[in-house]
Protein chains: 2
Amino acid sequence: MRVVIARCAAQYSGRLTARLDLATRLIIVKSDGSVLIHSDGGSYKPLNWMGPPCSLREVAPSEEAASGGAAALWVIEHAKTEDRLEIEIHEIVSDTSHDLGSDPGLVKDGVEAHLQELLASQMAVLGEGLSLVRREYPTAIGPVDILARGSNGRTVAVEVKRRGEVDGVEQLTRYLELLDRDPLLSPVEGVFAAQEIKPQARTLAEDRGIRCVLLDYDALRGAETGDHRLF
Amino acid sequence: MRVVIARCAAQYSGRLTARLDLATRLIIVKSDGSVLIHSDGGSYKPLNWMGPPCSLREVAPSEEAASGGAAALWVIEHAKTEDRLEIEIHEIVSDTSHDLGSDPGLVKDGVEAHLQELLASQMAVLGEGLSLVRREYPTAIGPVDILARGSNGRTVAVEVKRRGEVDGVEQLTRYLELLDRDPLLSPVEGVFAAQEIKPQARTLAEDRGIRCVLLDYDALRGAETGDHRLF
DNA sequence: AATTAGATCTCGACT
DNA sequence: AGTCGAGGTCTAATT
């Protein structure tokens, strides 16, 4: 990885054309050739970039650019598309390279799939007397996250989301309409379970007779591992 | 902006929990306090990060961490949410700071809106004898980019895209179906105009009797400004 | 402030 | 390899 601090200007053309006027910025050249241009602010998105696979070559700047103060021109071209990034280097403040080796990568926890797993083994959270029929219950329009049966014999379809928004309610509604046509399942109740439920989504769900369940991920995980300590 | 190369491990908790095992990485601390952890690969998204507003404080590592080789612990907390990022610094390879000053930011050009403007004043590009009815012609399912009338009296609906793909053709098709039901407009012809049209999209469009027009942005802009020089 | 739609989206899973 | 859905989405425009 090459890390450069430089006064530079840049031009991108590809899916759009964009321009960066002269300023001091951080330029990162990764070992796969990809390039990131960062300013000292904003969020994690670079001002401009080129993703792999791509190649970087340094060429002499045009006479016009040189008379404007450019010392070098970096041309980065994507290997498969027409994307092209040109960086006019005016002054290099710092230029270092480091061998980082390979990275073990990010290990995630707490995704929707995990919520689903936890819920499947703690069905009581979704309602008293519920028993699991199966997870990812297949239907013609896609799998229902959790299908359960209540003590009253009724079928219960559960949609699990990290953040519950209206489109999740719409999705569950479509499943309910479909499942309710199956005489072996009908009548089917709906449960919308999420760590966070937007007011609009809650209103829509309740208006359609769908019960909302707010999930506490830490509590679910704590119950799972039997680990109730606070930390 | 502080640029650090360090052997580190990290842990994030917030909307999810995630872990980075020990490896050498690039850590960027921006002047607004935000932090990015990059590996030497992938694209512009960091392995882990914290966006502003947030604060970084360096504390002594726990005894356990220290015995594992940690030299320092950076705790980054978001000012408004519960997001929290902890970086265990094991070995600092490089640590430099630079004052980048403010950045003029990215200037975009060639957006769909601009193409639409240019086309609206150069309707001949879309077909002979066309005259503009209006841009962003409203319908129940969304605005049609350009509505025009041909010399033969027929209505023409134009969908403008930078890159023409199948979903753009589908979108135009829906507009055409809707507009064609209006006796004041029917029959309605479709034109799919884009700087680049994918083969799949072209095939689908032509199969539906939709004419495809490949746009030359530079030519459109040149004609607009009356500036025809090559450069 | 809150909501919506677009993104040079990225990223992973699945077909 | 393409397609689909989710994202710690982010970002800007609009209400």
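In what follows, chains are A, B, ... by sequence order, proteins preceding strands, each numbered from 1.
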Counting the atoms with a prime plus P, OP1 and OP2 as sugar-phosphate, which does B:Met50 contact under 4.0 Å by heavy atoms, base, sugar-phosphate, or nothing?
base
Any luck finding a side-chain donor-acceptor pair between B:Tyr12 and B:Asp83 under 3.5 Å?
yes
Pairing residues for A:Glu58 by the salt bridge (charged side-chain N to carboxylate O under 4.0 Å, His left out) criterion, not counting sequence neighbours
none
What pairs meet the side chain to side chain donor-acceptor pair (under 3.5 Å) rule with one or both residues in residues 40-50 of chain A, with sequence neighbours excluded?
A:Asp40-B:Ser31
Residues forming a ring-ring contact (aromatic ring centres under 6.0 Å, His included) with A:Trp74, sequence neighbours excluded
none
Rounded to whole Å, the CD-C1' distance (B:Glu86 to D:dG8) equals 16 Å
D:dG5 C1' sits how many Å from A:Lys161 NZ, rounded?
9 Å
Nearest-Å distance for atom pair CG/P, residues B:Leu204 and D:dG2
17 Å
Separation of atom CG in A:Leu106 from atom P in D:dG8, rounded to whole Å:
9 Å
Name all residues meeting the side chain to side chain donor-acceptor pair (under 3.5 Å) criterion together with B:Glu170; count only those two or more places apart in sequence or in a different chain, and write none if there are none.
B:Arg208
Report the distance from atom NZ of A:Lys80 to atom P of D:dG2, rounded to the nearest whole Å.
8 Å
Polar atom pairs between nucleotides 12-15 of chain C and protein, under 3.5 Å, N or O only, would you list them?
none

Partners passing side chain to side chain donor-acceptor pair (under 3.5 Å) against B:Arg134 (at least two apart in sequence or in another chain)
none
Does anything in residues 17-34 of chain B form a salt bridge (charged side-chain N to carboxylate O under 4.0 Å, His left out)? List the pairs, not counting sequence neighbours.
A:Asp103-B:Arg25, B:Arg19-B:Asp21
Expressed in angstrom and rounded to an integer, what is the separation of B:Leu85 atom CG from D:dG8 atom P?
14 Å
Taking the same atom, P, in C:dA5 and in D:dG8, what whole-Å distance lies between them?
22 Å
Separation of D:dG8 atom P from B:Leu47 atom CG, nearest Å, is 13 Å
Please list, pair by pair, any protein nitrogen or oxygen found under 3.5 Å from a nitrogen or oxygen in nucleotides 10-12 of chain D.
unit_1: D:dC10; atom_1: O3'; unit_2: A:Ser43; atom_2: OG; d: 3.2
unit_1: D:dT11; atom_1: OP1; unit_2: A:Ser43; atom_2: OG; d: 2.2
unit_1: D:dT11; atom_1: OP2; unit_2: A:Ser43; atom_2: OG; d: 3.1

Less than 4.0 Å between a side-chain N and a carboxylate O, is that true for B:Asp145 and B:Arg135?
no
Residues passing the side chain to side chain donor-acceptor pair (under 3.5 Å) test with B:Arg84, sequence neighbours excluded, are B:Glu77, B:Glu86
